[in-house]
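What follows is a set of notes on a single structure, which appears directly below.
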There are 2 protein chains.
Amino acid sequence: MAKKSKRELAALGSATQDVSLTLADVAKRAGVSPITASRALNRPELVNEATRKRVLETVQTLGYVPNLLAGGLASSKSRLVAILLPTINHSLFSTAVQAMMDRLTEAGYQSLLGSTGYSAKKEEILLEAILGRRPDGVVLTGTLHTESSRRRLASAGIPVVEAWDLGDSALDMQIGFSHEQVGQHIAQHFFAKGYRDFAVITADDPRGLRRTNSLVSQLKQLGITHTLVETLPLPATWQVGREGLRRLLKRNSRPQLVICSSDILALGVLAEAASMNLHIPDDLAVLGFGNITESEFAYPALSTVSVNAPEMGRQIAEALLGRFADKTCNLKLRVDTGFTLLERFST
Amino acid sequence: MAKKSKRELAALGSATQDVSLTLADVAKRAGVSPITASRALNRPELVNEATRKRVLETVQTLGYVPNLLAGGLASSKSRLVAILLPTINHSLFSTAVQAMMDRLTEAGYQSLLGSTGYSAKKEEILLEAILGRRPDGVVLTGTLHTESSRRRLASAGIPVVEAWDLGDSALDMQIGFSHEQVGQHIAQHFFAKGYRDFAVITADDPRGLRRTNSLVSQLKQLGITHTLVETLPLPATWQVGREGLRRLLKRNSRPQLVICSSDILALGVLAEAASMNLHIPDDLAVLGFGNITESEFAYPALSTVSVNAPEMGRQIAEALLGRFADKTCNLKLRVDTGFTLLERFST
DNA sequence: CTGTTAGCGCCTTCAG
DNA sequence: CTGAAGGCGCTAACAG
């Protein structure tokens with residue numbers, strides 16, 4: 001008599017169905033071979049209507065849950081997307097991720113999240129771990145990666161989206177906007193409106209700093225040589241924003257416009273300004289940076305540069321799904337999602 | 001001559017190392033058996049210092065990335081934690097998740113995220129899909145689950161944390177606070193301070209409604225029979241908050257205190273109040289609900305009930321890790337994370 | 001401390 | 001449309 005495996009013994013022993021069911025169990029119960037059961041679930045078009053129905057019913061009654069680890073191993077398709085961001089705890093990112101996940105879930109993909117804290121080294125470590133899960137696609141934030149990360153991604157041979165930024169030397173697809181253009185645009189716009197005294201409160205994050213640098217250098221070109229910049233440590237919180245304005249004003253500066261690297265900082269500035277009885281935007285204009293779906297209805301006096309985060313999330317998802325469906329499409333995709341400036345005027 | 005597998009043929013064919021390396025390749029190169037290589041990576045204490053070093057070096061030079069699907073399948077340990085929340089796009093949740101993920105990552109676990117949109121049915125569907133990944137643990141939000149979800153979780157036999165709430169009939173562990181207590185506490189506190197005219201602006205989410213109901217019924221017990229409640233559809237945005245206040249005031253009501261089911265709504269109320277030249281908190285006191293690490297420094301006039309979201313996240317992670325390490329500990333763990341009321345007084 | 005053997009649960013390939 | 005055989009890459013269990 002053939003030796004019985006542990007599973008078979010357990011099944012004989014008791015009525016507990018805790019020993020997780022396998023496709024074989026379902027198949028036996030439905031009177032088909034395992035592979036037919038598999039096809040009934042994954043490639044229904046290859047299976048006779050009636051048998052498929054029978055299998056599906058058995059799955060229901062037995063409460064079978066396919067083991068995706070096994071499936072992934074056998075098919076080298078994991079239906080997993082890895083998403084690496086600086087932090088999930090930031091409205092811009094979480095909004096985009098939400099939209100992205102919604103679409104991916106709908107399409108039958110699951111999302112593995114990792115947070116890099118704005119560090120390329122952390123990204124590398126996370127990436128290595130996550131690539132072990134054999135994801136079908138990867139979403140990264142920005143264009144700053146270690147050499148090792150680039151190599152690993154290349155040899156993984158899966159679609160990669162670099163989000164939130166545009167740059168040369170794309171790994172694969174890029175979906176984002178130019179942070180240099182943002183800085184430039186802000187400078188030009190407000191200069192044209194007659195503003196001459198600018199100040200910046202920025203968190204110490206790579207893209208925020210790039211926006212700031214671009215802004216400052218554009219202002220220089222317009223003849224404004226001196227722009228106060230307060231760089232504050234991450235994370236960008238309300239508290240940090242308040243502190244930023246305090247420091248700015250201590251430095252004997254009386255800017256007409258304070259440009260913040262994020263809405264959160266800007267809200268902190270508003271709060272601090274309120275407690276100093278400064279009127280916004282008459283005494284002090286404040287510019288934030290955030291998600292358009294929020295800024296439009298936020299504090300009435302707050303101007304912002306806004307990105308359409310949900311739309312970006314959706315586009316990222318679509319780009320990946322396109323690639324999953326057809327290896328040749330979307331090659332070298334590069335989408336400029338743009339940004340809009342919403343100015344709140346003095347009354 | 002033995003038939004060669006696809007892998008072997010590919011390896012012979014060219015120098016591309018794109019055919020992903022396996023542990024066997026590493027083992028061969030290091031002159032040990034596959035299992036020794038495996039142990040060198042996963043259970044270093046079982047392997048001779050020298051051989052371990054040799055294996056690790058080979059891993060480095062070859063750029064080997066372990067296939068976690070295979071590992072998980074063989075060991076039935078996936079090092080994966082599934083986290084299901086209503087939405088990731090909410091500061092309270094994203095803050096908690098961030099802390100949770102940080103701890104889990106540190107311990108070598110990865111996080112699979114899913115968003116349920118406050119729906120138990122969606123939770124069920126997500127859960128089924130995600131359980132196929134054989135996660136080592138699951139974090140759910142709240143205590144409202146479908147019968148099917150409960151069954152599946154039971155037969156999965158893995159640690160489960162129900163977060164953000166406390167209730168009877170726990171699935172396994174609960175880490176959260178009582179929403180009934182929140183409502184009750186607000187009522188008592190402000191009644192004692194002399195407030196008599198209350199109004200509520202709440203999003204249509206289960207826990208927010210429970211806080212509201214508890215508040216209203218506690219007020220009734222204190223003799224306040226009439227409390228205006230504006231229930232607005234999700235998601236809770238700034239815009240919705242503004243709209244909420246507008247509606248409230250249209251209903252000929254002049255509340256002394258507006259209680260909002262979230263900080264975001266409260267900020268909308270503040271914005272709307274500002275545009276109506278209402279002074280906060282003199283003309284109108286506003287109460288939010290959110291994360292303590294934010295509320296403390298937020299808009300100066302905004303009172304809040306606050307939860308320590310990062311701490312909750314950490315506790316959830318620890319609870320799971322404890323279970324992973326020792327199946328017997330943390331049994332029936334039930335942690336009340338509490339909440340604090342921060343009142344902003346009129347000046 | 002190291003190796004051998006035998007699967008984990010599923011899907012690919014090829015044959016009916 | 002359905003099935004049989006074999007292997008995906010790794011590790012548990014046992015032996016040395």
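In the text below, chain A, chain B and the rest are named by the order of the sequence lines, each starting its count at 1.
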Tell me: CZ of B/R134 to P of C/dG9, nearest whole Å?
8 Å
Taking only the side-chain heavy atoms of B/L23 (C-beta and beyond), determine which of D/dT2, D/dA4, D/dT11 contains the nearest atom.
D/dT11
If you pin A/L73 and A/G31 to their nearest nucleotides in DNA chain D, which one's is more 5'?
A/G31
Between CG of A/L46 and P of D/dT2 the distance, given in whole Å, is 10 Å
Quickly work out the B/R39 CZ to C/dT4 P distance and round it to whole Å.
12 Å
Separation of atom CG in B/N48 from atom C1' in C/dT2, rounded to whole Å
10 Å
Starting at CG of A/N67 and ending at P of C/dG7, how long is that distance when rounded to a whole Å?
18 Å
Checking B/R79 against B/Q110 for the side chain to side chain donor-acceptor pair (under 3.5 Å) test, could you report, in this order, the C-alpha distance in whole Å, the side-chain angles of both residues, the deciding distance, and whether it holds?
CA-CA 6 Å; B/R79 305 215 128 234; B/Q110 288 165 24; over 6 Å; no
Find which nucleotide of DNA chain D each of A/P34 and A/E45 is nearest to by heavy atoms, and output the residue with the more 5' nucleotide.
A/E45
Tell me: CZ of A/R133 to P of D/dC8, nearest whole Å?
21 Å
With sugar-phosphate meaning primed atoms plus P, OP1 and OP2, does B/L68 contact a base, only sugar-phosphate, or nothing at under 4.0 Å between heavy atoms?
nothing
B/A74 or B/T51: which one's nearest nucleotide on DNA chain C is closer to the 5' end?
B/T51
Answer yes when B/D102 and B/R314 have at least one side-chain N-carboxylate O distance shorter than 4.0 Å, and no when they do not.
no
Euclidean distance, atom NZ of residue A/K28 to atom P of D/dG3 [Å, nearest integer]:
15 Å
In whole Å, what is the span from the CZ atom of A/R52 to the C1' atom of D/dT2?
16 Å
By nearest-heavy-atom nucleotide on DNA chain C, the more 5' of B/S75 and B/T36 is B/T36
Please work out which of the three classes, parallel, tilted or perpendicular, describes the rings of A/Y109 and A/F324, given edges at 30° and 60°.
parallel
Stepwise side chain to side chain donor-acceptor pair (under 3.5 Å) check, A/E123 with A/T146
CA-CA 8 Å; A/E123 182 185 82; A/T146 67; over 6 Å; no
Counting just side-chain N and O atoms, does A/S38 come under 4.0 Å of either OP1 or OP2 of C/dC11?
yes
Flag if over 12 foreign heavy atoms under 6.0 Å of CZ, A/R29:
no
C/dG3 phosphate, OP1 or OP2, under 4.0 Å from B/S33 side-chain N/O:
yes
